[in-house]
Amino acid sequence: MRYTRRDRVIAERSGERTVVLDADGTTLTTLSPVGALLWEQLPCSIDDAVSYLKDTFPDVDETVFVADVTAFFDDLVANSLIIDLDAER
């Protein structure tokens, strides 16, 4: 699956974090520093994101990244901030 930002979503970097406003302008989400790094990688797949994090944080076990990235992307999809490009076809 490949994910990308939803149209009309606004994101603003603030220090190490990113603040994201949904397309309706009703929900403000603050991403953690790692979430902000992943936001900048979009569009990407879970595998792409995990590979990026492995390169950035080589001391962390890959299984942790897989679980965390999957949960993070699922949360962003549920909050209408990103879309699964494969599901949109």
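Side chains of Val69 and Leu38 form a contact here, defined as non-hydrogen atoms less than 4.5 Å apart. Residues Phe57 and Leu37 have side chains in contact (heavy-atom distance under 4.5 Å, counting atoms from C-beta outward).
Residues in residues 13-40 take part in no salt bridge (Lys or Arg N to Asp or Glu O under 4.0 Å) pair, two or more places apart or across chains. Here ring pair (Phe, Tyr, Trp, His ring centres under 6.0 Å) pairs that include residues 6-32, with residues two or more places apart or in two chains, number zero. Screening residues 66-79 for side-chain hydrogen bond (donor to acceptor under 3.5 Å, both in side chains) gives Asp75-Asn79 as the qualifying pairs, with residues at least two apart or on separate chains.
Linking Ile, Leu, Val, Met, Phe, Trp and Tyr residues whenever their side-chain heavy atoms come within less than 4.5 Å leaves Met1 and Ile83 in two separate clusters.
Judged as a ring pair (Phe, Tyr, Trp, His ring centres under 6.0 Å), and not counting sequence neighbours, the contacts of Phe73 are Tyr3. For the side-chain contact (heavy atoms from CB on, under 4.5 Å) test, no residue two or more places apart in sequence or in another chain qualifies with Pro58. Partners of Ile10 by side-chain contact (heavy atoms from CB on, under 4.5 Å), not counting sequence neighbours, listed by chain and number: Leu21. Applying the side-chain contact (heavy atoms from CB on, under 4.5 Å) criterion to Ala23, with sequence neighbours excluded, gives Arg8. Ser14 pairs by the side-chain hydrogen bond (donor to acceptor under 3.5 Å, both in side chains) definition with nothing, not counting sequence neighbours.
For the side chain to side chain contact (heavy atoms under 4.5 Å, CB included) with Leu31, the lone residue among Val19, Leu76, Leu81 that qualifies is Leu76.
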Name each donor-acceptor pair under 3.5 Å that joins a side chain in residues 48-55 to protein atoms two or more places apart or in another chain, with its distance.
unit_1	atom_1	unit_2	atom_2	d
Asp48	OD1	Ser45	OG	3.4
Asp48	OD2	Arg2	NH1	3.0
Asp48	OD2	Ser45	N	3.1
Asp48	OD2	Ser45	OG	3.2
Lys54	NZ	Glu62	OE1	3.3

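Thr18 and Ala36 get closest at one heavy-atom pair: OG1-CB, 3.2 Å.
Note that CD1 of Ile82 is 8.5 Å distant from OG1 of Thr4, once rounded to the nearest 0.5 Å.
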